[in-house]
Amino acid sequence: MFWYRNLIKLSTSATKPKNPITTNLLLNSLAHFSTANQVPAAAAAQPSGLGPTKPNEKPRVVVLGSGWAGCRLMKGLDPSLYDIVCVSPRNHMVFTPLLASTCVGTLEFRSVAEPIARIQPSISSAPGSYFFLANCTGVDTESHEVLCETVTEGADSLDPWKFKISYDKLVIASGAQASTFGIHGVKEHATFLREVHHAQEIRRKLLLNLMLSDVPGISEEEKQRLLHCVVVGGGPTGVEFSGELSDFIRRDVHQRYTHVKDYINVTLIEANEILSSFDDRLRRYAIKQLTKSGVRLVRGIVKDVKPQNLILSDGSEVPYGLLVWSTGVGPSPFVNSLGLPKSPGGRIGIDEWLRVPSVQDVFSIGDCSGFLEGTGKPVLPALAQVAERQGKYLANLLNQISKDGGGHANRAKDMDFGDPFEYKHLGSMATVGRFKALVDLRQSKEAKGISLAGFVSWFIWRSAYLTRVVSWRNRFYVAINWLTTFVFGRDISRI
């Protein structure tokens, strides 16, 4: 292919770009149009990635992850002090407290997704700052490098390629994964509720089952199975999803799927008490409201999950058409693969300043990190407010480190980092259905404080989350979606 060889010659003879990753990724992309499908030797010789920063350049902060912790960190970092590089398999942050509402059409999916470029504009505009749609596959703390592999989707997509990024400061904020406790069949047959694509899958499957159950010839038993929605896990996510689902059934399904309205049911399975971190009075209120709205509460432990039913510890079988798994989180395979000290529970071990103490210039925040036993502090819960406040604290700390001359690699070894990170719990909230919610403002389960339930709590819940949505654009989306749903009902289109 003479035109391809000429193009490669022009590319290699042209002025070398500022960052070698540009040329290398371009040549790798062009290789997919070659009949030989091989990268020329000149391209293979190019260094793949972003090399170390020079003393006269801004230091580089590499952030792994785009969750609550990573995005709050990037928002607070000063782009005049650092080049910011984010590596994540998604280019947006998910506002998880409202994710359950998207499953049933109360909110649209775009309302809970905030693009990273809006959170930190320098990612898409500053010369040395980038976002890479990739997974981190390894960390070399000796040479201050992270190893990455691009994320590609679909049969016709480009093959993934690997590259390296040198860092001056590394922040691991890669989050956690849903806990399955090693139960057979969970990953194959259950749907989690942590990402936007999970909510999309739940919505499509729920609407598909509603329409399939109305087809002539479906047996009564199969119709009951298709329309049985089972939620495993009685934490805030499981309870909120059950409440949203029951409200969807009572307000929308009964009006628009009248032929099958008497067959659809919701079951919430929990091994212990639902909402165990809430006040006892609030838990009793939640149980009363969920039961009143038609949610069946079952106390039991899931032992096995099959394609159409699950088995409890007492041997009973529970058929389902939709299974949503919400039993907490645990360390991801990436976190487990890192040769870094671990805190109780398998998270990355950190000290009072959110540093990984055994290596230089590495920090960790969010669900993937936990205090080491030597600090005397307990491992914090995997909550959005914990991750957000860790991100805010670390952004201020890194900004101060750079101002004091410690921004580049190995320059902050003997610096005084000031006050350590302190966390104070602001309280918990959860909705349990239409116009009903719980607000628990105690700092711990044993402490005294304000706890509310009912309509006033629901108003506080909506007001608080509306103000916490990252951008004014998404606040407007959420408010309009709520108003539209209130006036016209939920959107039940299966797209």
Side-chain angles (χ1 to χ4, degrees), residues 17-19 21-22 25-26 29 49-50 53 57-99 102 107-136 146 148-153 157-158 163 165 167-175 194-197 199-200 365-366 384 387-388 390-392 394-396 398-399 402 466-478 480-481:
K18 181 180 178 180
N19 292 299
I21 192 171
T22 308
L25 295 184
L26 173 63
S29 300
L50 296 175
T53 57
E57 296 177 337
K58 287 189 293 185
R60 179 185 300 135
V61 174
V62 175
V63 183
L64 305 181
S66 57
W68 280 86
C71 286
R72 185 59 186 86
L73 167 74
M74 289 186 285
K75 181 180 180 180
L77 285 175
D78 188 347
S80 66
L81 299 175
Y82 289 104
D83 284 335
I84 305 169
V85 176
C86 178
V87 178
S88 175
R90 68 182 189 199
N91 70 341
H92 59 273
M93 169 192 164
V94 180
F95 193 81
T96 48
L98 297 179
L99 189 59
T102 65
L107 296 175
E108 288 304 316
F109 303 111
R110 291 284 180 185
S111 302
V112 299
E114 190 69 42
I116 294 175
R118 289 183 177 272
I119 297 173
Q120 177 51 268
S122 69
I123 287 285
S124 57
S125 59
S129 298
Y130 301 94
F131 169 78
F132 295 127
L133 192 70
N135 284 312
C136 180
V146 292
C148 305
E149 182 174 292
T150 57
V151 173
T152 55
E153 298 177 353
S157 63
L158 301 176
F163 58 97
I165 304 173
Y167 64 83
D168 293 294
K169 299 289 183 286
L170 173 65
V171 181
I172 304 174
S174 55
R194 293 183 55 77
E195 303 286 349
V196 172
H197 67 84
Q200 291 172 326
I365 53 178
E388 183 182 28
Q390 284 183 332
K392 181 179 180 180
L394 186 55
N396 293 333
L398 290 178
N399 288 339
S402 181
L466 185 62
T467 58
R468 298 304 297 164
V469 173
V470 178
S471 68
W472 280 103
R473 185 195 106 183
N474 277 24
R475 290 174 195 168
F476 180 77
Y477 281 167
V478 169
I480 291 298
N481 286 167

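Within the model, atoms CZ of R60 and CG of L50 stand 4.5 Å from one another, a figure rounded to the nearest 0.5 Å. Atom CZ in F132 sits 12.5 Å away from atom CG in L64 (nearest 0.5 Å). In this structure, NE2 in H92 is found 14.0 Å from CZ in R118, a value given to the nearest 0.5 Å. The CZ atom of R110 sits 8.5 Å away from atom OH of Y477, with the distance rounded to the nearest 0.5 Å. To the nearest 0.5 Å, atom OG of residue S66 and atom CG of residue L133 are 9.0 Å apart. We find the CZ-CG distance between R194 and L99 to be 10.0 Å, quoted to the nearest 0.5 Å.
The two residues F109 and V196 have their closest heavy-atom pair at CB-CG1, 3.9 Å. Of all non-hydrogen atoms in A395 and L77, the two that sit nearest each other are CB-N, 3.9 Å. Heavy-atom minimum distance, I84 versus S122: CD1-OG, 4.0 Å. In plain terms, the two heavy atoms of S88 and F131 that are nearest each other are O-CZ, 3.6 Å. Shortest non-hydrogen contact noted between V470 and R475 is O-NH2, 3.8 Å. In terms of heavy atoms, V63 sits closest to M74 at CG2-CG, 4.0 Å.
Ring-plane geometry between W68 and F95 is classed as tilted, the angle between the planes lying from 30 to 60 degrees on a 0 to 90 degree scale.
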Item to check | Residues V85, V61; criterion side-chain contact (heavy atoms from CB on, under 4.5 Å); working and verdict | outcome: CA-CA 6 Å; V85 176; V61 174; over 6 Å; no
Checklist entry - Can you check side-chain contact (heavy atoms from CB on, under 4.5 Å) on L73 and L398, steps first, answer last? => result CA-CA 10 Å; L73 167 74; L398 290 178; 4.2 Å; yes
Next on the checklist: The test is salt bridge (charged side-chain N to carboxylate O under 4.0 Å, His left out); show your working for E114 and R473 and say whether it passes.
Outcome noted: CA-CA 9 Å; E114 190 69 42; R473 185 195 106 183; 5.5 Å; no
Next on the checklist: Run Y130 and I123 through side-chain contact (heavy atoms from CB on, under 4.5 Å) and show every step you take.
Outcome noted: CA-CA 5 Å; Y130 301 94; I123 287 285; over 6 Å; no
Checklist entry - Would L394 and Q390 satisfy side-chain contact (heavy atoms from CB on, under 4.5 Å), going step by step from the backbone distance to the final call? => result CA-CA 6 Å; L394 186 55; Q390 284 183 332; over 6 Å; no
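Between M93 and I119 there is a side-chain heavy-atom pair separated by less than 4.5 Å. Residues K75 and Q120 have side chains not in contact (no heavy-atom distance under 4.5 Å, counting atoms from C-beta outward). V112 has its side chain out of reach of V478: every pair of non-hydrogen atoms, C-beta onward, lies at least 4.5 Å apart. The shortest side-chain heavy-atom distance between V62 and V171 does not fall under the 4.5 Å cut-off. Using a 4.5 Å cut-off on side-chain heavy atoms (C-beta onward), T150 and F163 make contact. Taking the side chain as every heavy atom from C-beta outward, Y167 and V146 approach each other to under 4.5 Å.
Judged by distance alone, with hydrogens and angles left aside, the side-chain atoms of S129 form no donor-acceptor pair with the main-chain N or O of D83 at under 3.5 Å. A side-chain donor-acceptor contact under 3.5 Å links K58 to the backbone of P79. When atom types are taken as modelled, the side chain of S125 and the backbone of P121 share a donor-acceptor pair closer than 3.5 angstrom.
Checking S111 against N481 by side-chain atom types alone, a donor-acceptor pair falls below 3.5 Å.
Each of V87, N91, N135 was compared with V151 under the side-chain contact (heavy atoms from CB on, under 4.5 Å) criterion, and only N135 meets it.
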